[in-house]
Amino acid sequence: MKLKAQFTILLLISLSSFHLMGQLKLVDPKATKQTKALYFNLKNLSEKAVLFGHQDDLAYGIGWRAEPGRSDIKEVSGAYPAVYGWEISKIGASMNIDSVDFKNMIGWIKEGYQRGGINTISWHLDNLKTGGNSWDNTPSVKEILPGGSAHQLYLNKLDLFVDFVKKLKVNGQKVPILFRPFHEHTGNWFWWGAKQCTPEEYISLWQFTVKYLRNQKKLHNLIYVYATDVFKTKDHYLERYPGDDYVDILAYDDYHSIKSKKGTEKLAERLKMLVELAEAKGKFAAFSETGLETVSIDNWWTDILLNGIQKSETGSRIAYVMVWRNGYPGHYYAPYPGQKSAGDFIKFRKNPFTLFESDLPDMYKKPKD
Ligand code: BMA
């Protein structure tokens, strides 16, 4: 009897995995086996846990820079984050916008992958029309689209990105990357923001980019993450949505509703809308960027972030949450040894709902492979 019950449970689990696998579709039907497995496993885990991520985690922390093996997260909690965020602004130069050496970045991406972690890339792309940075919000989306005066410059940048991604190989396998370009576009601070281009222009830019990378350049290890900033309604979130065939993960960045416990009502509301939207499309959601600068509230991790994420059962089904970089004293979002929220971060890490790198199953293998 007991054996039979166990068998039934196993059968149900594998049937539901099979069901999920059959349904899940990536933007790139030719995605590598590891990329498909990662997407499948993230979706699966999103239903029961949240992965923790940190921008530039292996590159630097408070009081150190580029020291092998180091990570503020690991030094506080004993584990590396499950998700590593990287930034490729200034690609083509030797260092990125935050003085991270691109060659080192390639090494860290591979290192995280080899340990079983997940890598995501954002891109604060310069304004190619003016030569300014991404915060130079002179409208220029139209100019970089086909037929525009800066289109070739955009292709050159994309080609640099392609070269970079091609270097992300471990034992002949391409490292899967969650690619999150043109983010926070419900805001107006970047040249691809809501007031800087029309929804049609934004959507064209996104679709062009996907087609160029996937069809022309044949990159098959990218998972496309669409990430707005805060939004009011589902319609608002979808205003510039490029379409189900162009987006794998529905995400959003929010530095607003995590400043106090009261604010988390809004967070929960938005996460719920996001997860509902994603699940209705057979996809899943992520909380792609957040953080409280200098983590000035002792119990921020459990009382605000985790509570906020778990406030809505639906909203808690996000795959991961990532906090921003530990740039310098005055601009950091994760604890380091001795920092005032370090004790609470350990509680956050120990909560069974949060997953760090060492808690992950093999994300690059489907359970049935
Ligand atoms: C911003 C800040 C900047 C940084 C940029 C790109 O949010 O952290 O200091 O240059 O992201 O990483």
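Whatever order the structure lists ligands and atoms in, that order sets their numbers, starting from 1. Just so you know, residue 1 is the first one in the sequence shown, and it goes up from there.
Below 4.0 Å from some heavy atom of E87 lie the following atoms of ligand 1, by number and element: 12 (O). Close contacts of ligand 1 with H124, meaning ligand atoms under 4.0 Å from a residue heavy atom, involve 6 (C).
In this structure, Y154 and W123 have tilted ring planes: the angle between them lies in the 30° to 60° band. The aromatic rings of W301 and F348 sit tilted relative to each other, their planes meeting at an angle between 30° and 60°.
In this structure, H331 is part of the shell of residues with a heavy atom less than 4.0 angstrom from ligand 1.
Here R325 has side-chain heavy atoms under 4.0 Å from ligand 1, and that is the only part of it that gets that close.
Nearest protein heavy-atom contact of atom 6 (C) of ligand 1 is D98 OD2, 3.5 Å. Of the protein's non-hydrogen atoms, W324 NE1, 3.6 Å is the one closest to atom 1 (C) of ligand 1. Atom 5 (C) of ligand 1 has its closest protein heavy atom at W135 CH2, 3.8 Å.
We find that K90 and D126 are joined by a salt bridge, their nearest charged nitrogen and carboxylate oxygen being less than 4.0 Å apart. Salt bridge E269/K272: absent, no basic N to carboxylate O contact under 4.0 Å.
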**OP:** Go through the steps to decide whether F164 and I121 satisfy the test side-chain contact (heavy atoms from CB on, under 4.5 Å), and finish with yes or no.
**Re:** CA-CA 11 Å; F164 180 84; I121 290 181; 3.8 Å; yes

Subject >> Evaluation steps, side-chain contact (heavy atoms from CB on, under 4.5 Å), between Y320 and F52 >> reply: CA-CA 6 Å; Y320 61 90; F52 176 75; over 6 Å; no

